[in-house]
Every structure is written in structure tokens, then in C-alpha cells.
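Below is one structure; the comments refer to it alone.
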Amino acid sequence: MPHDQPASAPGPAPADASDHDPAEAPFLGLLATGAAAEEYERPVLRARAGGAAAARLAALERAKLLALRVRTELEDRRRREAELSALYATAHDLAGLRDLDAVLRAIVRRARSLLGTEVAYLTLNDPAAGDTYMRVTDGSVSARFQQLRLAMGEGLGGLVAQTARPYVTDSYFHDERFRHTRTIDSGVRDEGLVAILGVPLLLGSGVIGVLFAADRRERVFEPGQVALLAAHAAHAAVAIDTANLLAETRKTLTELEAANEIIRDRSAVIERASDVHDRLTELVLRGGGVQDVADAVAEVLDGDVEFTEPGRAPAAALDRSRTDGHAVRDGADWVAAVRAGEEVLGALVLRGHPALDPVDQRTLERAAMVTSLLLLARRTAGEAEQRVRGELLDDLLDAAARDPRLLRERAARVGADLDAPHVVLAARMSGARISDGDGPARPDGTDRRRLWSAASHLAATRHGLAAVRDGGAVLLLPLDPDGDPAHTAREIAARLGSALHVPVTVGASAPVPAPAARPAAVADAYAEARRCREALCALGRAGQGAAAADFGFLGLLLADTRDVDGFVHRTLGPVADYDARRGTELLRTLGAYFACGMSPARTKDELHVHVNTVAQRLERVGRLLGPDWQSPARALEIQLALRLHQLSAAVTRDTEE
């Protein structure tokens, strides 16, 4: 090779001189510089080209072989040093990891790096299922491969897991040492793996999993590489065990912290319960009220607590609480019935507090019990006031000649204003009855006392009056100038029925403008209210509330005012207003229709119009009065209203003449 010769060589002197150099000399320099193996041929080639003697050439060949052996030993040592360094780094890295998933990912990545393979993966044994499953992969692209499960003894991995020994194959699909299955082979084929090395993850004498390194081409894994991966697997098994122990320790610590938190919470709850008990006791001793109890419980339970009367509390929840004797959940609220025996006095409602500790629930129930005691005490103290209210109402009903000034003074003492409009309500329970054999059944004494108590409570809260009379109760309640007596009757029937848990029928009078100025009007109004109440019972509507206006033409008989114009307007007002606006003759057509026996043909002869005109007018009437205007009951009311309207019109004409 020309480039191996000096640029100007005077002759064979250098070759002759080299014949006296040690044969090992040129190779020592190559070893020192770490030259490639092919560089060791150059000294022999130069000597041969320079005409060196055969002995010299033989010595150089021997030195070359010796140097190559030394080079191989040095490379092996450097490789082992690199592997040991890698194992040390791996152990160091694994020792610093605490999370199991992070440990497993680090093991697989380092295994792939150590052996320089395209894929590395790790399977773990599942003692419960009796198989091993894919846990972590690095370099994998197949979803099917990443989800493989291997029974013990199936595939190369199953064999490693079963025998606890490393296995290596240069060509997976041509290796018959292990049992092939369609599932495993399909996964390996999807991944494209050919050469696979698997080593067991040993913990003590047991196998916890298998660590793999694989290539997508045929490859021979040398014994040193098998040993290297096995050593890495040993470190990995210890790291996995450490991570598992740390995970169990963390779980135990978390459970202990949770238990400790529960203990702290329980202690806080008990302290709160003790606090509320002391505060409620103090409230009772110093004569606190219902709102004071609600405020104290709200502060202890850190919520909004409100006392509500029976008619305003959630009916279903209140009934469940009364039956069970415990606070019950109602959506995001809690309801505790405040009761005295079977009588429900109201409810304590804890709002916006869906999650309630059992001890806190008991606190709410205890507060409801204290509230019932306070209400009963207040009721006992208020019975004298109720008697005063009852006596005042009795005087209004029985002594029409009472001095209005004295009536006003007595009313002011109980918070009533008898110069404002009022309504008289007659109430009666539809429950247990007794009979003396000579007359109709009447409420027994217990019923009367319960009805009087509930009615008196309602009257007191509304600044009205209540008394027991004629086997029922009578109430005189304020009414707004534009108030509706019928609506008030229905409301009071519902409130009393809810409080007593039996149907209560309530009749209402027409408004009484100023009871103090006209005491006699109260007695007349009571008589009207009683007639309405008895009419409800006679019509099978017990448990409801109504005023005279609710009974149609029967209201004319029930009411003292005989409001004929009001009845006519309520019945025929839409038709009369339409005639007034449009100049039509719907009222005249309606009168002729009923006079002709509800026959359109005879009606058209009576009115001297076409039958289609009659049909069109009647259709308009139906739209104004409603689709049921020809039903027997409505037809009777309409005919009566037509007659009264005609009489009223005739009287008006006579008066004008």
C-alpha cells in the first residue's frame, strides 16, 4: 500500500532496522490507542511489503494474535464494567422511586437500554386468576400485544413464570420448546417480535413476574446478556417489593389518618352535642322562645334552622317524622316534627344541609323536643288569653248591644282590630262522633278540645278571635279589603286538617266590614258560615272550605245578603258584556233557547231568524260560558240567572217609568 510507505525511503535500511525491533512494539501502540481490529493487520502488511525475513513475519503474526487476544480481554472488561456501571445506576435509580408504576416503567426502559433491543416489556403474576398478564411495555405498538394474558406454561413468558428460569429464543415462531397458543401467537405476530429473551422476577423463592427484551429480527442473545438481564431483574424484583411495601404503608397511613379524622370529627360532634344540650337547657330555664332554640341549633349545626307551622312544612316529610319519631331528610333539607302526643305543633327545618351526622341528627331531634315543651308551656300560658279571645267572640255573637268602645278596648288587649274587615268561619271536624240517642251524632269532648286548641292557635297567629260553639269552632279573622272569603275558608280547612290529622269542614261568611261598629253583623255572618258548612257536608264535600259564592244559585239561599246582582253577573256576565260591546242579542237568544226546550228549530221560529244564526249564537255562548254550559247543573243556574236578570230589568223599567 503506497500510503503506508515513507514519502522518500533511501533503501531497505528501515526494514533492516525494523528487523531488530521487538515484534510486539507496533501492536502495543495500537492497544494503547484502542484501534479497530483491522488496524492490527497493517504492521504485518508493511513488513511483508518491506521484504522482511520469514522469521520476522512469523514473529509479527504471533504478536498480532497475542495483541488481538489482549484487545478482546480489554473489551470484555470494559463491557463488564459498563454493564456493572449500568446495573449500579439502575439500582440507584430504582432505589429512588416510590411509586409502583414509575418503578415498573423505569425497569422496562432500562432493560431495553441495557440490551439495545427494540422492545422490552414486563408481566406480573396474578395469583387469584392463576396466570400472568402484561403490565408495562416500552417500544410496543400493538394494542392486542399490550393486553395479553398468559396461562402458566403458555408461550415463552408462561414457561419462564412456571419454571422460574430464563428462556431465550432466536426465532419465536420456529421454537417448539414452549406451548404456542393462538392468542399469544397473534399478539406476538401483531407486534412483529422474532427474538425474545425472558428472565424471571424472583422474590425469595417465588416468581412475581417476567422481564423481557425482544427484537423484530433474528438475534442471538449471548450468555452475558442473559446474565445481565437476570441481574437487572433481581434489582427490579427488590424495587417492586419495596414499592409494594411503600404503597401498603401509605395505604395504611391513609387509613389511619382517615380513622384519626373520624375520631376528631366524632369528638367535635360530641362536643357540639354537649354544647347544644347546655344551651337548650339554659334557654328553657331562662324562658327562651322557639326562635331562640332555632338560632342555637343553627349555630351548632352550622346551618339555617327554621321553625315552621304544620301547614307550611313539607307534608310528606312531616308525616314521616311524626310517625318515626326522628328527623327525616327531605331533598337537601332535614325535617324534625315538633309534636305533643299525636298533635303536630310544627316542625324544625334544617335547610341546605343534605349530609347530617347521626349525632347532629339527634341534636336536631332534641331541639324539636325542647321546642314542643316550650310551645306547650306557651300554650298553657296562652290558654287564659285564648279564653279572653273566646269570651270576646261569644259576646259579639250573643250580645249585639255591647258598647263598641269596650269591644275595641278588649280586642286591643289581645292584638285584634275590630274596625278592620273580618270574615266569620264555622269549622267542624269530620271524625269521631258520639250520640245521646235523641239527636244526631256530635263531636266528643276530646275532639272539641283539640279543635278549639288548633283554632285558637290559628286565631292568635292571625290577630283574630276563636271560640267553641254548636259542636264546632267559630273564628273571626281579619280579611284584606280585596280578600276572598272562599279562599280563606279553604286555607283554614287545610291548616286545621293538617294540624288535627282529620278532615275539617269550614264555611265562610261574606266580609264583615267593621265588627266593633256593627256587632249584630257578626251573628248574622256566623249563621251564613254555618249554612255554608252544612251545605258542604250535605253535598258530600266534607273536609273542604267554601263561601256562598262557591255554591252558584244555592248561594242565594245560603247568604244573608242575597246578592242577586252578583249571582247574575257571575253566571251571565261574559254574555252580557259581549252583547254590550258588540250590540248582539246573545242573552235574548239564550232565553228563547231555554224557553223552547233547548230546540234550535223552535228557537229560530221564536226569534224569526235562520237556524244557522241560532247555531252561531249558541256556539258563541259556549265559548263565553264554557263547554259545559248545557250540563243539567249549569243549565239550571243559567236559566235562574236569566229569570233574575229579566226580573231585575223589569223592576228597573218600572222604576224609571
Rounded to the nearest 0.5 Å, what's the gap from NE2 on His610 to NZ on Lys604? Could you check? 7.5 Å
Using 0.5 Å steps for rounding, measure from the CZ atom of Arg620 to the CZ atom of Arg623. 4.0 Å
Nearest heavy atoms of Tyr578 and Leu586, plus distance in Å: CD2-CD1, 3.3 Å
Kindly compute the distance separating CG (Leu477) from CG (Leu465), expressed to the nearest 0.5 Å. 8.5 Å
Where is the tightest heavy-atom contact between Ala525 and Val512, given as atom of each residue plus distance? CB-CG2, 3.6 Å
When you measure from the side chain of Asp470 to the backbone of Gly472, do you find a donor-acceptor pair of N or O atoms at a distance under 3.5 Å? no
What pair of heavy atoms forms the shortest contact from Leu587 to Asp579, and how long is it? N-OD2, 2.9 Å
For Cys596, does its backbone N or O pair with a side-chain atom of Arg602 as donor and acceptor, under 3.5 Å? yes
Just wondering, do Leu418 and Leu476 contact through their side chains at under 4.5 Å, heavy atoms? yes
Give the minimum heavy-atom separation between Ala459 and Ala466, together with the two atoms involved. CB-CB, 3.7 Å
Heavy-atom pair with the smallest gap, counting every atom of Met598 and Pro600: O-CD, 3.6 Å
Any sub-3.5 Å donor-acceptor pair from Ser321's side-chain atoms to Ala317's backbone N or O? no
Derivation of the side chain to side chain contact (heavy atoms under 4.5 Å, CB included) call for Leu451 and Val468: CA-CA 8 Å; Leu451 179 59; Val468 175; over 6 Å; no
How long is the straight-line distance from NE2 of His487 back to CG of Leu479, given to the nearest 0.5 Å? 10.0 Å
Quick one: side-chain hydrogen bond (donor to acceptor under 3.5 Å, both in side chains) pairs with a partner in residues 458-469, sequence neighbours left out? Asp394-Arg469, Asp398-Arg469, Arg462-Glu491
When rounded to the nearest 0.5 angstrom, what is the spacing between CZ in Arg495 and NE2 in His457? 7.5 Å
Check the pair Arg617 / Thr584 against side chain to side chain contact (heavy atoms under 4.5 Å, CB included), numbers first and verdict last. CA-CA 9 Å; Arg617 291 178 181 180; Thr584 56; over 6 Å; no
Inter-residue atom distance Thr589.OG1 - Phe594.CZ, 0.5 Å rounding: 12.0 Å
Could you walk me through whether Asp524 and Arg518 pass side chain to side chain contact (heavy atoms under 4.5 Å, CB included), step by step? CA-CA 11 Å; Asp524 294 338; Arg518 294 181 58 245; 5.6 Å; no
What closest approach, in Å, do Ser509 and Val423 show between heavy atoms, and which atom pair accounts for it? O-CG2, 3.5 Å
Side chain Arg408, main chain Ala516, donor-acceptor under 3.5 Å: no
Any Pro478 side-chain heavy atom under 4.5 Å of Asp417 side chain: no
Pair up each side-chain donor or acceptor in residues 323-339 with any protein partner under 3.5 Å, not counting sequence neighbours, and list the distances.
from: Thr323; atom 1: OG1; to: Asp319; atom 2: O; distance (Å): 2.9
from: His326; atom 1: ND1; to: Glu365; atom 2: OE2; distance (Å): 3.3
from: Arg329; atom 1: NE; to: Gly331; atom 2: O; distance (Å): 2.9
from: Asp333; atom 1: OD1; to: Gly352; atom 2: N; distance (Å): 2.9
from: Trp334; atom 1: NE1; to: His353; atom 2: O; distance (Å): 3.0
from: Trp334; atom 1: NE1; to: Pro354; atom 2: O; distance (Å): 3.3
from: Arg339; atom 1: NH1; to: Gly341; atom 2: O; distance (Å): 3.2

Does Arg405 come within less than 4.0 Å of Glu409, counting only side-chain N to carboxylate O? yes
